[in-house]
Amino acid sequence: MTVPFNTLSIVIPVYNEARTVHQILDVLRELELVYGIGKEIILVDDCSSDASVEVIQAYATRYPGVGLRLLRHAVNQGKGAALHTGIREATGEYIIIQDADLEYDPQEYNLLLRPVLRGSADVVYGSRFMGGNPHRILFFWHSIGNGVLTFLSNMCTDLNLTDMETCYKLFRRDILQGLKLEEKRFGFEPEVTAKVARVPGVRIYEVGISYYGRTYAEGKKIGWRDGVRAIYCILKYGLLRQ
C-alpha cells in the first residue's frame with residue numbers, strides 16, 4: 001500500500017553557516033522525492049553574526065523557482081527556538097528537520113519516507129547507529145554520550161530507539177504542531193521525543209542513515225553543557241512528564 005502526499009516541509013535552523021549553507025541548498029534544490037512529492041524549504045536564521053542571511057538571500061535570488069522561505073530572529077535564541085519558528089510556519093503534510101551543515105545527506109529523505117508511504121508510520125527517526133550506511137569516525141566520548149542519552153530517554157519513554165539525538169526526525173505535521181515545545185537550545189531532541197511518545201496511537205519508526213560528522217574546527221557547536229541539559233530535559237519531560 002502506498003500513501004503519497006503533496007508536500008514535505010524541510011525546516012533548517014541557521015546560525016553562522018555562511019560557509020556551507022549554499023551547499024546544503026544545492027543538494028535540496030536537486031533532490032527529487034519519490035512520487036513527485038513537493039518541497040517546502042524553510043530556513044530560520046537565529047541572528048547569525050556572519051553572512052548567512054546574505055548568502056541565503058543571494059541564493060533565493062539566483063534560484064527563484066526553489067521557493068525558499070527565510071525567517072529571521074532579531075535576537076539569538078538557540079536551535080530549538082529556530083525550530084519552533086519553522087515548525088509553526090510549515091504547511092506540508094510532513095515536516096523533517098535538517099541542519100544547515102553537511103553532516104546529514106538529504107538524499108536519504110526517501111529512506112525516511114518509506115514507512116510513511118507504506119501507511120505504517122506517523123514519525124520516523126533516522127538512526128546513525130543502525131544499518132550499513134557510511135558513518136564518519138570521530139569522537140569516542142560523544143558516541144558514549146549519545147548512547148547514554150538515548151538509553152535514559154528510552155527508560156522514560158518506553159521506546160527502543162537507537163539514536164534519540166539524531167537530527168533527522170520526520171513528523172506528521174499535525175502531530176508536531178500539536179505539541180507544546182519549550183526548549184530553545186539542544187534540549188529540543190529529548191523534549192520532542194518524550195512528548196511525541198505520549199501521543200495516543202502514534203506510530204514511530206527508525207531507519208538507518210549516513211552520518212558525515214564535523215569536528216569543532218569544522219564548525220560543530222554542541223558541547224558537554226548541552227549533554228547535561230539533555231539529561232535534565234529527559235527527566236523533566238520524560239520522567240516528570242512536564
Side-chain angles (χ1 to χ4, degrees), residues 8-31 39-53 55-56 59 68-73 76-87 89-90 94-109 111-112 124-129 133-136 138-139 142-143 145-146 149 163-171 176 181 183-193 207-223 226-227 229-230:
L8 176 67
S9 293
I10 304 162
V11 177
I12 308 174
V14 177
Y15 181 66
N16 291 347
E17 299 288 358
R19 188 174 60 86
T20 60
V21 68
H22 69 285
Q23 298 178 55
I24 200 70
L25 291 175
D26 281 341
V27 177
L28 291 173
R29 176 171 54 86
E30 298 173 0
L31 174 65
K39 297 168 291 185
E40 177 184 51
I41 304 173
I42 302 174
L43 299 106
V44 184
D45 180 75
D46 192 33
C47 196
S48 293
S49 59
D50 67 357
S52 293
V53 168
V55 170
I56 294 168
Y59 197 98
L68 302 181
R69 296 176 59 191
L70 174 60
L71 308 174
R72 300 175 65 179
H73 287 172
N76 179 261
Q77 300 177 53
K79 177 182 177 179
L83 289 174
H84 298 170
T85 298
I87 290 166
E89 295 295 322
Y94 284 81
I95 297 173
I96 193 167
I97 309 300
Q98 172 69 56
D99 281 347
D101 55 37
L102 305 175
E103 291 191 327
Y104 294 81
D105 183 4
Q107 296 289 344
E108 296 182 339
Y109 288 179
L111 295 177
L112 280 84
V124 182
Y125 279 38
S127 173
R128 296 165 290 178
F129 306 125
N133 298 301
H135 185 124
R136 183 179 180 182
L138 281 174
F139 306 115
H142 273 209
S143 65
N146 279 331
L149 293 176
D163 191 7
M164 178 273 293
E165 287 283 328
T166 181
C167 166
Y168 272 2
K169 295 178 171 68
L170 173 71
F171 301 89
L176 186 55
L181 298 172
E183 291 299 312
K184 293 187 175 183
R185 284 185 53 79
F186 292 100
F188 172 86
E189 314 296 351
E191 180 191 10
V192 76
T193 301
V207 299
I209 59 168
S210 306
Y211 181 60
Y212 303 90
R214 296 191 297 177
T215 65
Y216 286 100
E218 294 167 334
K220 194 172 188 67
K221 299 180 178 70
I222 194 167
D226 298 299
R229 179 69 185 185

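In this chain, residues are counted from 1 in sequence order.
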Problem set entry | Nearest heavy atoms of Q77 and D46, plus distance in Å | N-OD1, 2.9 Å
Seminar exercise, completed: Taking every heavy atom of P190 against every heavy atom of A230, the minimum-distance pair comes out as CG-O, 3.9 Å
For this session: Nearest 0.5 Å please: distance from the CZ atom of R72 over to the OG1 atom of T85.
Result: 13.5 Å
Exercise. If you take all heavy atoms of D163 and Y125, which pair is closest and at what distance?
Worked result: O-CD2, 4.0 Å
For this session: Look up atom CG in L181 and atom CD in E191, then write down how far apart they are to the nearest 0.5 Å.
Result: 5.0 Å
For this session: Check for a donor-acceptor pair, side chain of K39 on one end and backbone N or O of L31 on the other, with a separation under 3.5 Å.
Result: yes
Exercise. What distance separates F171 CZ from I87 CD1, expressed to the nearest 0.5 Å?
Worked result: 7.0 Å
Problem set entry | Sidechain-backbone polar pair: S52 side chain, Y15 backbone, donor-acceptor under 3.5 Å | no
Exercise. Of the non-hydrogen atoms in A51 and A18, which two are nearest, and what is the gap between them?
Worked result: C-CB, 3.7 Å
Problem set entry | Whether Y104 and Y168 hold their rings parallel, tilted or perpendicular, with breakpoints at 30° and 60° | tilted
Problem set entry | F186 side chain near E165 side chain, heavy-atom distance below 4.5 Å | no
Exercise. Can you tell if the side chain of L83 reaches within under 4.5 Å of the side chain of V11, non-hydrogen atoms only?
Worked result: yes
Exercise. Closest approach of I24 and Q98, non-hydrogen atoms and distance?
Worked result: CD1-NE2, 3.7 Å
Problem set entry | side chain to side chain donor-acceptor pair (under 3.5 Å) partners of T166, counting only residues at least two apart | none
Problem set entry | Heavy-atom side-chain contact between S48 and N16 under 4.5 Å | yes
Exercise. Taking only residues two or more places apart in sequence, or in another chain, which ones meet Y94 in a side chain to side chain donor-acceptor pair (under 3.5 Å)?
Worked result: none
Problem set entry | CZ (R29) with more than 12 external heavy atoms under 6.0 Å | yes
For this session: Answer yes or no: is there a side-chain heavy-atom contact under 4.5 Å between L70 and V14?
Result: no
For this session: Apply the test side chain to side chain contact (heavy atoms under 4.5 Å, CB included) to residues I12 and L28: give CA-CA distance (whole Å), side-chain angles for both, the deciding distance (0.1 Å), then the verdict.
Result: CA-CA 11 Å; I12 308 174; L28 291 173; 3.6 Å; yes
Problem set entry | Least distance between heavy atoms, G126 atom then L112 atom | N-CD2, 4.0 Å
For this session: For side chain to side chain contact (heavy atoms under 4.5 Å, CB included), just list the numbers for R229 and E183, CA-CA rounded to whole Å, side-chain angles, deciding distance to a tenth of an Å, and then say yes or no.
Result: CA-CA 10 Å; R229 179 69 185 185; E183 291 299 312; 3.0 Å; yes
For this session: Tell me, please, which residues at least two apart from L68 pass side chain to side chain contact (heavy atoms under 4.5 Å, CB included).
Result: L25, I41, L43, Y59, A60, V66
Exercise. Which is it for D50 and V55 under the side chain to side chain contact (heavy atoms under 4.5 Å, CB included) test, yes or no, and what are the steps along the way?
Worked result: CA-CA 10 Å; D50 67 357; V55 170; over 6 Å; no
Exercise. How many angstroms lie between CD1 in I42 and CD1 in I95, if you round to the nearest 0.5 Å?
Worked result: 7.5 Å
Exercise. After noting the C-alpha distance and the side-chain angles of N146 and F129, does the key distance pass the side chain to side chain contact (heavy atoms under 4.5 Å, CB included) rule?
Worked result: CA-CA 10 Å; N146 279 331; F129 306 125; 4.0 Å; yes
For this session: Please examine the side chains of I96 and V124, heavy atoms only from C-beta on, and report whether any two atoms are closer than 4.5 Å.
Result: no
For this session: With rounding to the nearest 0.5 Å, note down the distance linking CD in Q107 to CD1 in I209.
Result: 13.5 Å
For this session: Flag the pair K79 and D99 as a salt bridge only when some basic side-chain nitrogen lies within less than 4.0 angstrom of an acidic carboxylate oxygen.
Result: yes
Problem set entry | Spacing of CD belonging to E103 relative to CG belonging to D101, to within rounding of 0.5 Å | 4.5 Å
